[in-house]
J.: 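Take a look at the following structure, please.
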Amino acid sequence: MGAPVAYDPAEMRAAQAEAARLRAACDMLKGAPKSSRDDPNFVESFFSASRLHFIGMWKTRLESLMLSGVIGGPTPNPGPGAQVIFHVDLDCFFASVAESEHPLFSGKPLAVCHSNNAKGTAEISSANYEARKYGIRAGMFMAGAKQLCPDLIVVPYNFERYQEVSEQAYKIMMACSACVQPLSCDEAFLDVTGLGDPFQLASRLRADIQAATGCTASVGIGHNLLIARLATKRAKPDGQCHIQEAEAASAMLSLELSDLPGVGWATSKKLASLGLQSVADLQAWSKARLQAELGDKTGAALWDASRGIDTRRVAPPAVRKSLGAEVNWGVRFDSPQDATRFLGKLAEEVWTRMGAAGVQGRSLTLKLKKRKEGVYNPVKFMGHGICDNLSRTHTFHRPAHSAATIHRAACDMLTSLHVPHADIRGIGLGMSRGL
DNA sequence: ATCCTCCCCTAC
DNA sequence: TAAGGTAGGGGAGGAT
């Protein structure tokens with residue numbers, strides 16, 4: 001690592017000044033840090049500043065827009081037979097939006113984060129490719145990032161702008177193909193079967209997105225969703241890549257196990273403990289053996305994935321099965337009444353979202369994070385630290401009919417879990433069944 | 001067999 | 001000081 005480039009000092013000063021101006025103008029950063037302890041509207045202010053909340057809600061929101069036809073509805077994909085799939089992904093989305101709006105930032109290492117504190121535990125949400133040259137990654141604490149790159153330019157979130165850019169990008173994607181499956185604000189699958197030369201189509205799509213938004217997009221092309229997504233990894237940043245069906249098998253062998261869909265941290269560990277180190281190792285196991293070790297579905301899915309087999313289709317949004325709201329940061333209670341009051345806010349939040357979605361529900365789940373024995377000070381400021389996760393579900397005879405009904409059931413479950421109020425580090429409420 | 005509950009895991 | 005959400009799928013184990 002180390003500095004890949006020497007930046008022009010005057011330009012860097014100007015860029016830093018611009019970033020400082022953006023932070024000063026950011027409403028979210030006004031005032032002292034808030035928690036459930038000192039902010040009566042903590043649930044609301046937390047959600048308005050949470051990037052994970054923004055990301056989590058995006059898909060739901062966009063799917064509603066598509067289902068209601070506001071931004072053009074999806075049509076079914078062309079049916080069985082050879083397909084051509086695009087996986088479209090805007091490059092380091094949040095960072096790109098900032099860079100596109102402020103020419104001073106281009107070519108300099110930049111990250112999106114709530115705090116610029118070089119000693120702090122604020123998490124980096126998005127880092128541009130210049131910053132990545134220093135080893136800076138999403139999820140890193142600011143303290144670590146500033147050690148790697150003291151010159152790092154830190155800009156605050158701009159959720160309104162992300163929304164605008166995302167909608168523009170989606171309009172362009174839907175003009176390219178009527179069959180679009182949203183994955184996130186910055187990522188979608190397109191079925192472009194029969195729409196002409198895929199490489200030209202992808203070039204035009206990327207050019208259109210860049211012209212409209214100032215942000216670059218990468219496109220992976222493949223005969224199924226898995227291969228298309230793999231192709232995107234090769235295409236990034238600001239590129240496109242077509243992995244032909246004939247090369248798919250060898251492409252799979254070049255991957256790490258953790259690159260396979262469904263293989264995260266825990267499954268990687270599990271596979272390693274079984275002596276499986278590579279995709280080739282995985283291919284050597286029979287489907288039955290994988291199923292015996294990992295479960296029926298998981299084993300079969302891995303057997304398929306290791307061979308580049310993926311039978312999913314690009315699908316329109318499905319009917320929602322659950323809806324929930326949770327807060328696992330800044331949760332500190334001084335009394336049982338504090339916890340009860342907080343649950344009331346969450347119940348209102350869930351009830352409001354149910355109303356907005358026009359759904360009902362019969363099953364209410366309470367999720368709790370309980371401080372693990374002996375763990376008092378999380379590494380992350382106001383974080384939940386190391387916790388045990390607990391949950392309880394209550395089923396109503398009739399669909400829940402008010403925030404108060406939800407609140408009452410939630411309080412009963414909270415009581416039944418017997419967690420001292422001072423040990424609670426996170427709370428969530430979710431509604432399911434019969435939505 | 002088929003459910004339900006209480007988890008865990010994953011992906012974005 | 002800083003904003004660790006959301007939804008879906010699946011598995012273990014028990015009840016029906």
Side-chain angles (χ1 to χ4, degrees), chain A residues 23 26 28-36 39 42-63 89 93 113-123 125 138-139 141-143 156-157 159 182-188 229 258 260-270 291 294-301 317-331 349-350 353 363 365-369 377-395 413 417 425-433 435:
Chain A
R23 292 194 300 271
C26 182
M28 272 182 272
L29 301 175
K30 295 276 193 318
K34 293 289 167 46
S35 72
S36 61
D39 180 358
F42 181 65
V43 170
E44 192 185 339
S45 60
F46 173 76
F47 282 137
S48 72
S50 163
R51 104 266 190 191
L52 286 174
H53 171 74
F54 175 85
I55 293 167
M57 294 291 275
W58 178 263
K59 197 170 162 192
T60 300
R61 186 181 161 279
L62 188 70
E63 286 180 349
D89 195 329
F93 182 49
C113 190
H114 276 303
S115 166
N116 185 43
N117 182 343
K119 293 183 176 139
T121 57
E123 269 173 59
S125 175
F141 285 162
M142 185 51 67
Y157 296 86
F159 294 122
L183 296 180
S184 179
C185 53
D186 60 348
E187 196 179 342
R229 177 173 261 147
S258 59
L260 299 181
V263 180
W265 191 83
T267 307
S268 287
K269 285 273 170 281
K270 172 112 198 190
Q291 287 175 311
L294 298 150
D296 260 20
K297 305 262 189 166
T298 309
V319 178
R320 194 139 59 131
K321 295 179 178 168
S322 68
L323 177 161
E326 58 190 276
V327 181
N328 298 308
W329 186 89
V331 176
E349 180 68 31
V350 166
R353 290 191 203 172
S363 246
T365 299
L366 172 72
K367 294 172 62 176
L368 271 196
K369 281 192 179 293
N377 294 311
V379 172
K380 184 174 176 58
F381 173 70
M382 277 295 148
H384 55 63
I386 302 168
C387 286
D388 288 316
N389 299 303
L390 307 169
S391 77
R392 277 285 181 281
T393 301
H394 172 87
T395 302
M413 290 189 280
L417 281 168
R425 289 286 182 272
I427 300 201
L429 277 182
M431 191 64 81
S432 60
R433 282 169 72 183
L435 284 190

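Per chain, numbering begins at 1; letters A, B, ... match sequence-line order.
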J.: Just the rounded figure in Å: distance from P of C/dA3 to NZ of A/Lys380.
T.: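 Result: 3 Å.
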J.: Let's go through A/Arg229 and A/Glu187 carefully: what are the C-alpha distance in whole Å and the side-chain angles of both, what is the deciding distance for salt bridge (charged side-chain N to carboxylate O under 4.0 Å, His left out) to 0.1 Å, and is it a yes or a no?
T.: CA-CA 10 Å; A/Arg229 177 173 261 147; A/Glu187 196 179 342; 3.3 Å; yes
J.: I'd like to know whether A/Glu349 forms a side-chain contact (heavy atoms from CB on, under 4.5 Å) with A/Val327, so could you lay out the CA-CA distance, the side-chain angles of the two residues, the decisive distance to 0.1 Å, and finally the verdict.
T.: CA-CA 11 Å; A/Glu349 180 68 31; A/Val327 181; over 6 Å; no
J.: Once the angle between the rings of A/Phe42 and A/Phe46 is folded into 0 to 90°, is it parallel (under 30°), tilted (30 to 60°) or perpendicular (over 60°)?
T.: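 Aromatic pair A/Phe42/A/Phe46 classed tilted.
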J.: Give each protein N/O atom lying under 3.5 Å from an N/O atom of nucleotides 1-5 of chain B, with the pair distance.
T.:
{"from": "B/dT5", "atom 1": "OP1", "to": "A/Thr395", "atom 2": "OG1", "distance (Å)": "3.4"}

J.: Categorize A/Leu417 for me: base, sugar-phosphate, or nothing, with a 4.0 angstrom heavy-atom threshold over every strand shown.
T.: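 If one applies the 4.0 Å heavy-atom cut-off, A/Leu417 turns out to touch nothing in the nucleic acid.
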J.: Under the criterion side-chain contact (heavy atoms from CB on, under 4.5 Å), I'd like the reasoning laid out for A/Met142 against A/Asn117: C-alpha separation, chi angles, the key distance, then a yes or no.
T.: CA-CA 7 Å; A/Met142 185 51 67; A/Asn117 182 343; 5.6 Å; no
J.: Would you say CG of A/Leu417 has more than 12 non-hydrogen atoms from neighbouring residues, nucleotides or ligands within 6.0 angstrom?
T.: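 Buried by this count: over 12 neighbours within 6.0 Å.
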J.: In whole angstroms, how far is the C1' atom of C/dT1 from the NZ atom of A/Lys30?
T.: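 Those two atoms, NZ and C1', are 18 Å apart.
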J.: Extract from the structure each pairing of a protein N or O with an N or O of nucleotides 13-16 of chain C at less than 3.5 Å, listing the distance.
T.:
none

J.: Have a look at A/Trp58 and say if it touches a base, only the backbone sugar-phosphate, or nothing, with a 4.0 Å heavy-atom cut-off.
T.: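 Nothing, no nucleic acid heavy atom in range.
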J.: May I ask you to verify if any side-chain N or O of A/Asn389 is less than 4.0 angstrom from the OP1 or OP2 atom of B/dC7?
T.: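 The answer is no; no side-chain N or O of A/Asn389 sits under 4.0 Å from OP1 or OP2.
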J.: Check every strand shown and say whether A/Gly299 touches a base, only sugar-phosphate, or nothing at a heavy-atom separation below 4.0 Å.
T.: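 The residue A/Gly299 makes no contact with any strand.
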J.: Using a cut-off of 4.0 Å between protein heavy atoms and nucleotide atoms, how would you tag nucleotides 5-10 of chain C 5' to 3' with B, S and -?
T.: BBSSSS
J.: Which nucleotide sits closest to the side chain of A/Asn117: C/dT1, C/dA3, B/dC12?
T.: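 Nearest to the side chain of A/Asn117 among the choices is C/dT1.
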J.: Taking the P atom in each of B/dA11 and C/dA3, what is the distance between them to the nearest angstrom?
T.: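 Those two atoms are separated by 23 Å.
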J.: Round to a whole Å and report the spacing from CG of A/Leu183 to P of B/dC12.
T.: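 Those two atoms, CG and P, are 7 Å apart.
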J.: Mind checking if A/Gly264 touches a base, just sugar-phosphate, or nothing, with heavy atoms under 4.0 Å?
T.: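 Counting heavy atoms under 4.0 Å across all strands, the contact made by A/Gly264 is with sugar-phosphate only.
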J.: Whole Å only: how far is the CD atom of A/Glu187 from the C1' atom of B/dC12?
T.: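 To the nearest whole Å, that distance equals 7 Å.
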J.: Any idea which heavy atoms bring A/His384 and A/Asn328 closest together, and the distance?
T.: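 In terms of heavy atoms, the two residues are closest at CD2-O, 3.4 Å.
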J.: Counting any heavy atom closer than 4.0 Å, what does A/Thr267 reach on the DNA or RNA strands: base, sugar-phosphate only, or nothing?
T.: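 Counting heavy atoms under 4.0 Å across all strands, the contact made by A/Thr267 is with sugar-phosphate only.
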J.: Round to a whole Å and report the spacing from CH2 of A/Trp265 to P of B/dT10.
T.: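 One finds 9 Å between P of B/dT10 and CH2 of A/Trp265, rounded.
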J.: Check the distance between B/dC7's C1' and A/Leu390's CG and give it to me in whole angstrom.
T.: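 So the CG-C1' distance, A/Leu390 to B/dC7, works out to 10 Å.
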J.: So what does A/Arg229 hit on the nucleic acid, given a heavy-atom distance under 4.0 Å: a base, only sugar-phosphate, or nothing?
T.: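 The residue A/Arg229 makes sugar-phosphate contact but no base contact.
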J.: Partners of A/Lys30 by salt bridge (charged side-chain N to carboxylate O under 4.0 Å, His left out), sequence neighbours excluded?
T.: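 With sequence neighbours excluded, A/Lys30 shows a salt bridge (charged side-chain N to carboxylate O under 4.0 Å, His left out) to A/Asp27, given in chain and number order.
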J.: Checking A/Arg353 against A/Phe47: charged group under 6.0 Å from the ring centre and within 45 degrees of the axis?
T.: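 Yes - A/Arg353 lies over the ring of A/Phe47, closer than 6.0 Å to its centre and within 45° of its axis.
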J.: Suppose we screen for ring-ring contact (aromatic ring centres under 6.0 Å, His included). Which residues come up paired with A/Phe141, at least two apart in sequence or across chains?
T.: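 For A/Phe141 there are no ring-ring contact (aromatic ring centres under 6.0 Å, His included) partners, ignoring immediate neighbours.
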J.: Could you go step by step and tell me if A/Leu429 and A/Leu366 meet the side-chain contact (heavy atoms from CB on, under 4.5 Å) rule?
T.: CA-CA 5 Å; A/Leu429 277 182; A/Leu366 172 72; 3.9 Å; yes
J.: Quick one: does any side-chain atom of A/Trp329 pair with a main-chain N or O of A/Phe381 as donor and acceptor, under 3.5 Å?
T.: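 The answer is yes, because a donor-acceptor pair under 3.5 Å joins these two groups.
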J.: Would you please name every residue forming a salt bridge (charged side-chain N to carboxylate O under 4.0 Å, His left out) with A/Glu123, sequence neighbours left out?
T.: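 Partners of A/Glu123 under the salt bridge (charged side-chain N to carboxylate O under 4.0 Å, His left out) test: A/Arg51, A/Lys380.
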J.: Is A/Gly139 touching bases, backbone alone, or none of the nucleic acid, heavy atoms closer than 4.0 Å?
T.: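 No contact at all - A/Gly139 keeps every heavy atom at 4.0 Å or more from the nucleic acid.
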